[in-house]
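Below: one structure, written as structure tokens.
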Amino acid sequence: MSTKIFKHIQTSAVPLPIENIDTDQIIPARFLKATTREGFGNNLFRDWRFDNNGNPKQDFVLNEPIYSGKVLVAGKNFGCGSSREHAAWALADYGFDAVVSSFFADIFKGNALNNGLLPVQVSDDFLKKIFDAIYADPHAVIEIDLVDQFIKIVASGEQESFEVNPYKKACMTNGYDDIDYILSKKELVVEFENR
Amino acid sequence: MGQTLFDKIWDAHVVSSNEGFPDILYIDTHFIHEVTSPQAFDGLRTRGLPVFRPKQTVATADHNVPTWDQHLPIKEELSRYQVDMLTKNCAEFGIELYGLGHPFQGIVHVIGPELGITRPGGTYVCGDSHTSTHGAFGAIAFGIGTSQVEQVMATQCLLQSRPKRMKIEVNGKLQNGVGAKDIILYIIAQISAAGGTGYAVEYAGDTIRSLSMEGRMTICNMSIEMGARCGLIAPDETTINYVKGREFAPKGEDWDKAVAYWQTLYSDDDADFDSVLSFKAEDIEPMITYGTNPGMGIGVTQHVPETASFEQKEQGSYKKALDYMGLHDDEQLLGKPIDYVFIGSCTNSRIEDLRQVAEFVKGKHKADNVTVWIVPGSKQVQEQAIREGLDKVFDAAGFPLREPGCSACLGMNEDKIPAGKYCVSTSNRNFEGRQGPNSRTFLASPLTAAASAITGKVTDIREFLKEEELV
């Protein structure tokens with residue numbers, strides 16, 4: 001099966017300068033009762049985004065019309081906690097194509113990569129530069145290129161390269177799928193079992 | 001150069017290793033539950049694939065299940081639908097299900113070990129981050145996302161890059177009243193909620209070695225709370241004695257062969273770790289968390305840190321956490337009134353936890369201002385507790401023993417802590433809203449939770465133990 005292809009984006013970004021954002025914040029457990037992958041975007045950051053009556057909280061960044069775009073920029077250790085892939089589904093379903101942070105939790109990073117949502121890990125300094133750029137101009141454009149592995153603040157031209165597992169890069173830029181890859185090696189699996 | 005325990009197990013499970021690709025790692029047992037499996041089963045249907053090794057797949061219903069009146073249909077419609085879906089999927093794909101009403105039902109990380117499915121040297125995965133629990137047996141065990149659940153169902157393998165290796169040693173004698181939960185909360189407070197990210201962590205040292213299997217599971221369970229891929233402890237006599245005779249443990253000749261192999265599972269003296277940390281058991285107090293991630297923990301007599309003690313860029317997140325918790329700089333938690341106590345979860349719901357709580361609360365009664373939920377980790381734990389009469393002790397103390405499930409650890413069922421209320425909880429996460437929207441969690445050990453239930457406020461268990469010694 002092919003998955004979503006990601007090569008290059010150029011977009012404004014949404015700033016969320018909070019550290020240790022756990023997957024319970026991204027999508028609270030009570031919304032994990034769905035049995036399909038669709039629709040989680042409506043409850044993305046549910047308890048930060050809406051009050052108890054379901055009304056938008058005006059001071060939360062997703063409710064501030066001035067900020068929009070396909071990239072979420074967040075504080076370090078993004079996606080820690082629960083392994084729920086629903087967090088990656090919620091971010092992608094809401095419309096994000098990439099998340100930028102100075103540090104990602106392991107399981108979230110893997111889940112994101114498996115869903116065409118690119119986790120871009122930058123230095124603390126560069127993260128601060130991105131936040132500064134967005135706060136100076138909410139429409140500041142960020143360019144992310146997976147093929148050449150760089151992220152750039154377009155207005156200032158400042159850029160930094162980022163790491164990505166070469167295999168996952170090939171998957172994301174070509175729409176390859178892990179299961180197809182392992183199935184192509186199935187005889188090795190059976191051989192292993194008979195060892 | 002010698003090998004680490006982790007590398008020995010990993011190497012024994014590599015199906016194929018290709019330059020530029022993650023390894024294809026063979027998975028011995030795949031545990032599944034109702035919340036993170038339905039989309040994976042759908043994926044198999046779309047691809048037209050069976051579950052490759054259904055006999056190496058074990059299912060239970062735990063996250064969504066009520067912990068009272070389990071014999072009745074689940075009231076909450078979406079929860080019932082999700083649990084029914086698991087039943088249907090398991091029937092369709094030929095997977096053994098320990099569902100509600102089954103004598104083996106329970107929290108997935110409690111039943112695997114107690115049934116003898118989890119064994120030294122194995123590889124275990126589950127769509128749940130606390131799968132790290134199973135590492136206590138000297139196994140590689142970690143949580144995965146639903147796409148990976150589908151991957152393991154389809155191939156019994158997982159594409160994985162080998163993580164770095166860390167050794168955490170704890171040596172020395174623990175203070176009276178301090179246990180495994182305090183050790184792991186202390187370690188996470190020292191190295192932060194991200195301090196183990198990218199590592200497989202082996203716990204070693206004489207303090208760790210002195211722990212029961214239950215204690216070791218508590219330690220490995222919370223490895224994920226410092227970001228580690230997994231945690232593991234080399235198997236020894238304690239491990240072997242625990243596994244022996246369990247339902248699915250090897251028997252006869254197979255047992256002897258297995259034990260001979262398990263005895264080779266340790267890190268060689270000259271094994272190379274990417275990082276080594278060392279802690280003294282004597283430095284560890286009964287621990288409690290004050291913030292909104294498990295790294296925000298202090299000794300129960302200490303004060304909440306000052307905002308100014310953090311770097312400027314961290315202060316915003318820190319203040320947000322204290323505001324959420326309704327706490328202020330330098331506040332002392334000791335003596336703070338609480339509303340709920342939750343004793344349960346895959347961290348602390350095993351028979352040893354229940355015995356310890358029962359021994360402490362015998363002849364005492366909970367404070368009027370506190371609601372206490374005590375939730376066994378499995379049907380077998382519940383039955384054992386009843387056989388030992390622990391349920392009567394709990395009843396007399398004012399908190400009836402409930403039925404097994406994940407319960408208020410994550411509040412997917414109706415066991416939710418109300419908004420603004422404080423709960424001393426033996427679970428693993430104090431995230432915002434984790435136990436219910438706007439609930440406030442203080443993570444602690446079963447003994448600290450039990451003592452706090454009796455006094456109605458955050459309590460230093462050591463004070464109680466001193467008094468009891470005097471009597």
Side-chain angles (χ1 to χ4, degrees), chain A residues 1 3 17-25 28-30 32-37 46-48 52 75-77 80-89 103-108 110-112 114-115 124 127-128 165-168 170 177-183 185-186 188-189 191-193, chain B residues 15-16 20-22 24 26 35-36 38-39 42-43 46-47 52 63-64 78-79 81-82 85 127-129 131 142-148 150-151 154-157 159 161 163 193-194 197-198 224-225 227 229 292-293 295 313-314 316-317 320 410-412 419 429 431-434 437-438:
Chain A
M1 279 204 334
T3 53
I18 297 171
E19 300 186 341
N20 299 307
I21 295 176
D22 58 79
T23 53
D24 271 85
Q25 306 319 311
R30 61 188 189 279
L32 306 187
K33 299 185 189 203
T35 52
T36 63
R37 291 174 180 240
R46 175 75 199 199
D47 294 335
W48 288 354
N52 293 343
K76 75 173 178 205
N77 200 24
C80 58
S82 160
S83 59
R84 59 189 69 165
E85 191 163 317
H86 313 64
W89 298 338
F103 198 85
F104 287 94
D106 258 357
I107 303 178
F108 173 81
N111 288 340
N114 283 336
N115 285 280
D124 284 333
L127 186 68
K128 184 172 182 303
N165 178 295
Y167 165 76
K168 290 317 290 188
D177 174 273
D178 285 352
I179 296 180
D180 292 340
Y181 172 68
I182 306 179
L183 287 176
K185 309 264 180 193
K186 202 163 170 183
L188 293 177
V189 179
E191 205 176 282
F192 175 90
E193 290 180 320
Chain B
V15 168
S16 163
F21 288 83
I24 298 180
Y26 193 80
V35 178
T36 57
Q39 295 88 349
D42 273 351
T46 306
R47 291 170 197 265
F52 182 55
H63 281 64
N64 257 316
L78 288 173
S79 296
Y81 182 72
Q82 208 170 41
M85 190 68 104
D128 187 287
S129 60
T131 308
F142 53 91
I144 55 178
T146 297
S147 294
Q148 294 171 307
E150 184 182 340
Q151 198 179 120
T155 68
Q156 203 58 36
C157 290
L159 275 177
S161 301
T197 306
I224 182 67
E225 308 313 333
R229 181 82 61 86
T292 55
N293 73 59
K313 65 175 170 68
E314 293 172 343
S317 300
K320 183 178 188 300
L410 82 168
M412 272 196 87
R429 289 187 173 137
F431 297 152
E432 286 184 32
R434 172 78 179 182
N438 290 309

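By convention in this document, chain letters (A, B, ...) are assigned in the order of the sequence lines, proteins followed by strands, and residues within each chain are numbered from 1. In this text, all values refer to a predicted model and were calculated from it rather than measured experimentally.
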If you count heavy-atom pairs under 4.5 Å with chain A, which of [options] comes out on top?
{"options": "B/A193, B/G316, B/A419, B/P22", "value": "B/P22"}
{"options": "B/G227, B/C157, B/A154, B/S161", "value": "B/C157"}
{"options": "B/D128, B/T146, B/T197", "value": "B/T146"}
{"options": "B/M85, B/R229, B/Q148", "value": "B/R229"}

Between [options], which residue shows the highest count of heavy-atom pairs closer than 4.5 Å to chain B?
{"options": "A/F104, A/W48, A/F103", "value": "A/W48"}
{"options": "A/D106, A/N114, A/N52, A/N111", "value": "A/D106"}
{"options": "A/A29, A/G75, A/G110", "value": "A/A29"}
{"options": "A/A170, A/A34, A/A105", "value": "A/A34"}
{"options": "A/P166, A/S82, A/P28, A/A87", "value": "A/S82"}

Check whether the side chains of [X] and [Y] place a donor and an acceptor atom closer than 3.5 Å, and report yes or no.
{"X": "A/N115", "Y": "A/E85", "result": "yes"}
{"X": "A/W89", "Y": "B/Q39", "result": "no"}
{"X": "A/K186", "Y": "B/T155", "result": "no"}

query: Which pair of heavy atoms, one from A/I18 and one from B/K320, lies closest together, and at what distance?
result: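 In this case the closest contact between A/I18 and B/K320 is CD1-CE, 3.6 Å.
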Which bit of [X] comes within less than 4.5 Å of chain A, counting heavy atoms only: side chain, backbone, both or neither?
{"X": "B/I224", "result": "side chain"}
{"X": "B/T131", "result": "neither"}
{"X": "B/L159", "result": "both"}
{"X": "B/R429", "result": "side chain"}
{"X": "B/Y81", "result": "side chain"}
{"X": "B/M412", "result": "both"}

Can you say whether [X] sits under 4.5 Å from chain B via the side chain, the backbone, both, or neither, judging by heavy atoms?
{"X": "A/K168", "value": "neither"}
{"X": "A/F192", "value": "side chain"}
{"X": "A/E19", "value": "both"}

task: Give, for atom CZ of A/R84 and atom OG1 of B/T36, the distance between the pair rounded to the nearest 0.5 Å.
output: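 The OG1 atom of B/T36 is 10.5 Å from CZ of A/R84, to the nearest 0.5 Å.
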task: Quick one: list whatever passes side-chain hydrogen bond (donor to acceptor under 3.5 Å, both in side chains) with A/E191, sequence neighbours left out.
output: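 Here no residue qualifies.
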field: Set of side-chain hydrogen bond (donor to acceptor under 3.5 Å, both in side chains) partners for B/K313, sequence neighbours left out
entry: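 Applying side-chain hydrogen bond (donor to acceptor under 3.5 Å, both in side chains) to B/K313 gives none.
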message: Which residue is it: A/T23, A/N20, A/D24, A/I21? I am looking for the one with a side chain to side chain contact (heavy atoms under 4.5 Å, CB included) to B/F431.
response: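 Exactly one option meets the side chain to side chain contact (heavy atoms under 4.5 Å, CB included) with B/F431, and it is A/D24.
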query: Between A/I182 and B/Q156, is a side-chain contact (heavy atoms from CB on, under 4.5 Å) present by the stated rule, with each step listed?
result: CA-CA 10 Å; A/I182 306 179; B/Q156 203 58 36; over 6 Å; no
- request: Check the pair B/S129 / A/I107 against side-chain contact (heavy atoms from CB on, under 4.5 Å), numbers first and verdict last.
  value: CA-CA 8 Å; B/S129 60; A/I107 303 178; 4.1 Å; yes
- prompt: Any salt bridge between B/E150 and A/R37, counting N to O under 4.0 Å?
  reply: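 Counted as a salt bridge, because a side-chain N and a carboxylate O are separated by less than 4.0 Å.
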